Number of protein chains: 2
Amino acid sequence: MKVDSSIKQKYSHETEELADFKVGVDNVIFSVDTTYNRVLVLLRKRAEEPFNNYWSLPGTLVRQGESLTDAAYRTLAEKIQVDNLYLEQLYSFGEPGRDPRENPDSFGIRYLSVSYFALVRYEEAKIIAKSDKSTSWYKVDEIPNLAFDHDEILNYGWNRLKNKLQYSPIAFDVLPTEFTLNEVYQLYCTILGEHFSDYSNFRSRLLKLGFLLDTKVKVSRGAGRPASLYKFDSEAFAPLKDKPLLFI
Amino acid sequence: MKVDSSIKQKYSHETEELADFKVGVDNVIFSVDTTYNRVLVLLRKRAEEPFNNYWSLPGTLVRQGESLTDAAYRTLAEKIQVDNLYLEQLYSFGEPGRDPRENPDSFGIRYLSVSYFALVRYEEAKIIAKSDKSTSWYKVDEIPNLAFDHDEILNYGWNRLKNKLQYSPIAFDVLPTEFTLNEVYQLYCTILGEHFSDYSNFRSRLLKLGFLLDTKVKVSRGAGRPASLYKFDSEAFAPLKDKPLLFI
DNA sequence: GCAAAAGTGTTAGCTGTACACCCATGA
DNA sequence: TCATGGGTGTACAGCTAACACTTTTGC
C-alpha cells in the first residue's frame, strides 16, 4: 500500500479527548444441517431500538469483570443449549457511527463490537425457546438485511468458516464422537460446495493424515454396504498442529 | 471443543452492570533490514506508570470521533515516517485485569487493546527522533520483557507475518517499486528462515504466478551477472486475489 | 439378483525438490 | 581468467484428479 507522504497530518486528530466505549460481543454462530445439506446461521429478532424488528447476530454488551470470551459464551448459552462447539475471535468493528445510539454531535459513548465465530453441532443444538420465535436458524444464502453492520460481520465469519475448514480440524468438534467418513465428506461438501473434491480422493487424503481411528464398528444407513465408524485421535493430531496441512 | 454441559451457569455473571472501556490500539510494526538479514520490531520505552521504563509496543488510546484504523495510523505516524506500508488488524485483547490501571475491586474503567500488524520498508522508515532514544528497532529474536501483555501480542503478530507472507503479496508493499528477484528471495529468507526453499525453485514459482513484470533493466550489485529489475503488476494480480495461492 | 452405498485401485498429468549447468560481469 | 552472483534446465518423487472397479449390505 502506498499512502500519502503526510500520513502524520492526515491522521492527526483535532481533539485529544479520549472516546468512551461500551464493548459488545457479536457471535456468528454456524451449524450444518446434514439432513438437508445446508449451512445455517443463528439470528435473533431485535425487540428494541435501534433497528427494532430487524434480525441481528446474537450479541451482548460486556459486563463488569467479564472477559470477552466469557461474554461470547454467555450470549451463546442464552440462545442455544449445546455441548460441542468451536469458538474463536473474528474481528473488531469500531468505526465511529456504526451504532446509531452514538450521538454524532456530542461525542457520547461509542459502541465497539468484538465479533466471534462459532460452529456448533446442529443436531444437539436446542434453541432456548421463547414464546415469540425471536431466535431462529437462517440458511446462509438466504439472510435478510441485518441490523447495524452485521451483514459485514456475517460475511467475514462465513469466509473464516470456509478457510478454517480447509486447514484446521474444526469439523471434528461438531461431528459426533464417532462418525463415518461419508458424514465428514457431507459436512465439507455442504460448506465448501459440491465441487471441492471427489469422495474417494478426499477419503484417502484424510486417512493418510493419520489422525482418524477406525473403530471397526460398522453402521448401516439404509441400503448399501455398512460404513466404518471413525474417531478423531487428538494425540495423533497434536504433532500436526501449527503445521500448514490441508484437509482437502 | 467439549464444554461442560452447563455453560449457561458457568458463564453467567452475577452483576449485570456493563463495563466501561477505554480502547487502545497497539501496533506490532515489523521491518526487514536486508543489509543484515534480520527482522526488526519497533518498540518504545514507556516514560510513565504503569510499567515505567519497560519497553512496549507503540500504542495510543482511541480519541473521540477517531476510527480504530485511524488511531493505528496515527500511532505509526507519531513514531516513524514512512510512505510504503502494509497494515491490518490483528486481534483484540480485553481480559479484565490486563491493565494494572484497572481497579480490581471497584470495577472501574477497563482497557481493551485492539492490536494492529504493520510491515514497513526499513530503508525509508525514519524514526521520528526524540532526544531520549525512547523509540527503537529491536531484533525479533532479542525482545526484552514487554509491558502489559505485549509479549503475547507481539508473538501473535510474528506468527501472522510468517503466515501472511506465504499466501499474500505483502512483501511487494515494502520492497522498492523496482526490485530484483534476489531481493524478494532475501526478504522471504529473512522472515521464514534459510531453509524454506531453494532460490531457483522460488524464482520459477514466483514468475509462473504471472504478476511480476520484467522491466529488462539490469542492475549490477558488485561482481556477478547483473540482475533484472521487476515490478509488481497489481492488475495482473487482481484476479488472483482471494484465491488460495502459495508463494513459496 | 440388483441397486445402493462403502471402499479400493489405476492412470495420466502435474508440482516440488534437489541439483547440475550455463551466462554475464568485475577485478 | 576466475570468482561471483544471475538465471535456466532436468530428472525423479510424490501428489492430484478423474474414474473404473470391487465389496457388502437391504430388498
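Scope of the values below: all heavy atoms of this structure, side chains included, with no hydrogens, waters or symmetry mates. None of these values were measured; they are calculated from a predicted model. Here is how names work: the chains are called A, B, and so on, in the same order as the sequence lines, proteins then strands, and each is numbered from 1.
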[X] [atom1] - [N] [atom2] separation (whole Å):
X: B:Phe247; N: C:dG16; atom1: CZ; atom2: P; answer: 13 Å
X: A:Arg221; N: C:dG7; atom1: CZ; atom2: P; answer: 11 Å
X: A:Phe202; N: D:dT16; atom1: CZ; atom2: P; answer: 13 Å
X: B:Leu209; N: C:dT15; atom1: CG; atom2: P; answer: 11 Å
X: B:Leu212; N: D:dG7; atom1: CG; atom2: P; answer: 12 Å

- For A:Arg205, which contact category applies under a 4.0 Å heavy-atom criterion: base, sugar-phosphate, or nothing?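 Here A:Arg205 touches the backbone only, sparing every base.
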Go through the structure and list residues passing side chain to side chain donor-acceptor pair (under 3.5 Å) with [X], not counting sequence neighbours.
X: B:Ser113; value: B:Asp26
X: A:Lys164; value: A:Glu88
X: A:Ser168; value: none
X: A:Glu183; value: A:Arg221

Mind checking what makes side-chain contact (heavy atoms from CB on, under 4.5 Å) contact with [X], not counting sequence neighbours?
X: B:Ser136; answer: B:Trp55, B:Tyr138
X: B:Ser56; answer: B:Arg44, B:Arg46, B:Ala147, B:His150
X: B:Ala223; answer: none

- Any idea which heavy atoms bring B:Ala77 and B:Ile128 closest together, and the distance?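 Looking at all heavy atoms of both residues, the closest pair is O-CD1, 3.0 Å.
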- Message: How would you summarise protein contacts on nucleotides 19-27 of chain D per nucleotide, using B for base, S for sugar-phosphate only and - for none, with heavy-atom distances below 4.0 Å?
- Response: B---BBBS-
- Task: For D:dT8, take OP1 and OP2 only and decide whether either is under 4.0 Å from a side-chain N or O of B:Arg203.
- Result: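 B:Arg203 to D:dT8 OP1/OP2: side-chain N or O found under 4.0 Å.
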- Item | side-chain N/O B:Tyr199 vs D:dG7 OP1/OP2, d < 4.0 Å |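 Indeed, a polar side-chain atom of B:Tyr199 lies that close.
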- Evaluate the side-chain proximity of B:Trp158 to B:Ile191: yes if any heavy-atom separation is below 4.5 Å, no if none is.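 Yes, side chains in contact.
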- Item | Close approaches to DNA chain C from residues 180-197 of chain B, in residue order (heavy atom, under 4.0 Å) |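 When residues 180-197 of chain B is checked for heavy atoms under 4.0 Å from DNA chain C, there are no hits whatsoever.
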